[in-house]
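Worksheet for the structure shown next.
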Amino acid sequence: MFEFIMTDVVARHRKLNGSKVWVTTGSDENSLKNVRAAEAQKIPVGELCRRNADLFIALAKKVELSEFSFIRSSVKETHWKGPQKIWELCDKAGDIYKKKYSGMYCVACEQFYTDSELETGLCPVHKTKPELIEEENYFFRLSKYQKRIEEMFKNDEIMVFPQSKKNEMMGFVNQGLEDFSISRSKMRTKGWGVPVPGDESQYMYVWFDALCIYLTGVGFQYDEKKFKEWWPASMHVVGKDIIRFHLIYWPAMLMSAGLPLPKSVLIHGFITAGGEKMSKTVGNVVDPDELIAKYGIERVRYFFMKDIPTFEDGDYSEGAFKACVNNELVGNLGNFIHRTLTFAYTKFGGEIKSAPNESGISVLGEVGRRREEVNKLLWENNIHEAMLKILEIGNIANRYFQEMAPWELVKKDKEECEKVVSACLNMCMIIGDLLYPFVPESSERILGFIGMKPVPFGELGEMRSGFSVKEPKIVFEKIQEK
RNA sequence: AGCGAGGUAGGGUAGCAUGGAGUGCCCGCCGGGCUCAUAACCCGGAGAUCGGUGGUUCAAAUCCACCUCUCGCUACCA
């Protein structure tokens, strides 16, 4: 879910600023894990995958992913032609060959283990002695791309956010790239997965076909016109656990197939719950559906973008969630907006004609600088920092309101007071606008009170005079203790 | 073990490249103010041997060395 929100924030920001945006996502369903899970639940694999995918799609919709395509890799009709074509292209480039693979195989786990994974020569799960099994698989000539991948990193052909992950991968590359197996025997996969073209006995390695979701998601092999329009992707959003696939295997595959590389990869960390890794055994798994049902998507979006560092692990706890929403979203931003709008509405009947005075111009200058920083941070995909910057604006705005004390001023000098309120309304407008990628609904509501809509950065202008405020309602509600 | 990142008030962080009074931010805590606002907002305060030791320097969170602890990566698991 975190990834969905993050992607959506980026997507909305880009779209608002004039880019065409198409989001594609999917589920790689061809793994052995699914086969086993389905066996355990005694239902067909296809059924299990369909159920999971439905949950995912429903969640994505709740998170308000703007427009997206969802590819399920086990669905032949919309996906298989993609990876099979890539396979053929790689094969034509001479990068696929057959090789015997032998390894220690645990029958109970149904998987191979490397020496380092084995504990004193025994399977770490079953504590039994694994068998030495030999199997003939197809391999991808990754070693051939050693130089090209090094170059790719050096020249930033794919921008990596954050940089530190790029360094990590470069370290990996420097150890020397080895060819990797890209198929499994039919026996091992139990016939689940994408068949290798021209060899019935072999099925594709999950990642080989899963990565192709990025391609088929924009029409590759199914709608070439669409594909031309959307590929190469400007960004992939992935978790830190799978960067090797995205930053090494995937580019190499694309190079081999003669397709352009994606332009950037955004890597995020994991969410822990109450300081611990989420796991079913500990029982601290946070169900995103429940969270959204309980608190609403806007709050959830706000929390994850504000409290979780974009590129690192972050923690969720109910306490932190409430504090974050009540003290900042409500107390800082919500309060400022509400006190301003209410004041303008009750004291001036909503009609504010004056321009801000000098104090207002000065404070708007401060706000304006931060507004530019927010925009810059968003282009750098630094969502978390951008959100913090918006809160800073909220602070400035509240302080200004406090120091100017318009509630006093209105009794003494109404004209001067109107100028102050005008400055405050300008700040409401800026905050409302900046908030759009993060909490789109609320943003639209805020701007709606002053008869506006979210606009691209730069179109807002430096300052406005003349606002007509409708009767305001609370935008961000507090979470009440039950 | 190798490579990489990091250890800054109770918690979370910024600062480090180009050394200059422990400087900043968020949450929490304490005190005060305000009453337009959702018990919201504003101001002030307490709280830190900047992981440890040694070195360079007039001066080190910042540079160097060593130590210590934490966390990632080390491919055919996805």
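To find a chain, count down the sequence lines: A is the first, B the second, and so on, and within it residues start at 1.
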Report yes if a side-chain nitrogen or oxygen of A/Arg184 is closer than 4.0 Å to either non-bridging phosphate oxygen (OP1 or OP2) of B/A78; otherwise report no. yes

C1'-based separation of B/C64 from B/C27 [nearest Å]: 37 Å

Looking only at heavy atoms, what is the nearest atom pair of A/Pro437 and A/Arg301, with distance? O-NH2, 2.8 Å

Using atom types as modelled and distance alone, determine if a side-chain donor or acceptor of A/Ser422 lies under 3.5 Å from a backbone N or O of A/Ser354. yes

With B for base contact, S for sugar-phosphate-only contact and - for none (protein heavy atoms under 4.0 Å), nucleotides 39-47 of chain B reads -SBSS----

Of the listed nucleotides (B/U74, B/U38, B/C36), which one gets closest to any side-chain atom of A/Gln175? B/U74

Could you pull out all residues at least two apart from A/Asp28 that satisfy salt bridge (Lys or Arg N to Asp or Glu O under 4.0 Å)? none

Suppose we screen for salt bridge (Lys or Arg N to Asp or Glu O under 4.0 Å). Which residues come up paired with A/Arg399, at least two apart in sequence or across chains? none

Across the strands shown, which category fits A/Glu408 at heavy-atom distances under 4.0 angstrom: base, sugar-phosphate, nothing? sugar-phosphate

Pick the P atom in B/U68 and in B/C16, then give their distance to the nearest Å. 29 Å

Give the rounded distance in Å between these two atoms: CG of A/Asn34 and C1' of B/C77. 14 Å

So, is A/Tyr345 close to the B/C36 phosphate, meaning a side-chain N or O under 4.0 Å from OP1 or OP2? no

For A/Gly269, which contact category applies under a 4.0 Å heavy-atom criterion: base, sugar-phosphate, or nothing? nothing

Comparing A/Asn167 with A/Trp207, nearest RNA chain B nucleotide closer to 5' gives the residue A/Asn167

Measure NZ/A/Lys240 against P/B/G4 and give the value in whole Å, please. 19 Å

In Watson-Crick or G-U wobble terms, both distances under 3.5 Å, what is the partner of B/A37? none

Of the options A/His384, A/Glu373, A/Glu372, which is the one that meets A/Lys389 in a side-chain hydrogen bond (donor to acceptor under 3.5 Å, both in side chains)? A/Glu373

Out of B/A37, B/A78, B/C76, which has the shortest distance to the side chain of A/Glu178? B/C76

Output all residues satisfying salt bridge (Lys or Arg N to Asp or Glu O under 4.0 Å) with A/Lys478, sequence neighbours left out; order by chain, then residue number. none

Protein-nucleotide distance (A/Asp313, atom CG; B/U70, atom C1'), rounded to Å: 13 Å

Counting any heavy atom closer than 4.0 Å, what does A/Phe172 reach on the DNA or RNA strands: base, sugar-phosphate only, or nothing? base

Let me know the distance between NZ of A/Lys389 and C1' of B/C26, rounded to the nearest Å. 13 Å

Do we count A/Trp407 as stacking onto B/C36 if the rule is ring centres under 5.5 Å and planes under 30°? yes

Specify the separation, in whole Å, of atom CG of A/Asp241 and atom C1' of B/C77. 12 Å

Hits for salt bridge (Lys or Arg N to Asp or Glu O under 4.0 Å) against A/Arg244, two or more places apart or cross-chain, chain-then-number order -> none

Looking across every strand, which nucleic acid part, if any, lies under 4.0 Å from A/Glu168 by heavy atom: base, sugar-phosphate, or nothing? sugar-phosphate

So what's B/G72 paired with, Watson-Crick or G-U wobble, going by both distances under 3.5 Å? B/C3

Watson-Crick or G-U counterpart of B/C25, or none if no pair lies under 3.5 Å: B/G12

Tell me the interatomic distance from A/Glu392, atom CD, to B/C26, atom P, rounded to whole angstroms. 8 Å

Could you state the atom-to-atom distance from CE of A/Met170 to P of B/U74 in whole Å? 17 Å

Ignoring backbone atoms, test whether A/Arg244 places a side-chain nitrogen or oxygen under 4.0 Å from the OP1 or OP2 oxygen of B/U74. yes

Salt bridge present between A/Lys186 and A/Asp199 (N-O < 4.0 angstrom): no

Result block: side-chain N/O donor-acceptor pairs under 3.5 angstrom for residues 162-180 of chain A, not counting sequence neighbours:
from	atom 1	to	atom 2	distance (Å)
A/Lys166	NZ	A/Phe153	O	3.4
A/Lys166	NZ	A/Asp156	OD1	2.8
A/Asn174	ND2	A/Met170	O	3.2
A/Asp179	OD1	A/Leu142	N	3.0
A/Asp179	OD1	A/Ser143	N	2.9
A/Asp179	OD1	A/Ser143	OG	2.8
A/Asp179	OD2	A/Tyr97	OH	2.5

Please classify the nucleic acid contact of A/Ser31 as base, sugar-phosphate, or nothing, using heavy-atom distances under 4.0 Å. sugar-phosphate

Measure CD/A/Glu385 against P/B/G12 and give the value in whole Å, please. 17 Å

Scan A/Leu177 against the nucleic acid and name what it touches under 4.0 Å (heavy atoms): base, sugar-phosphate only, or nothing. base

For the side chain of A/Ile474, starting at C-beta, report the closest nucleotide among B/C76, B/U38, B/C34. B/U38

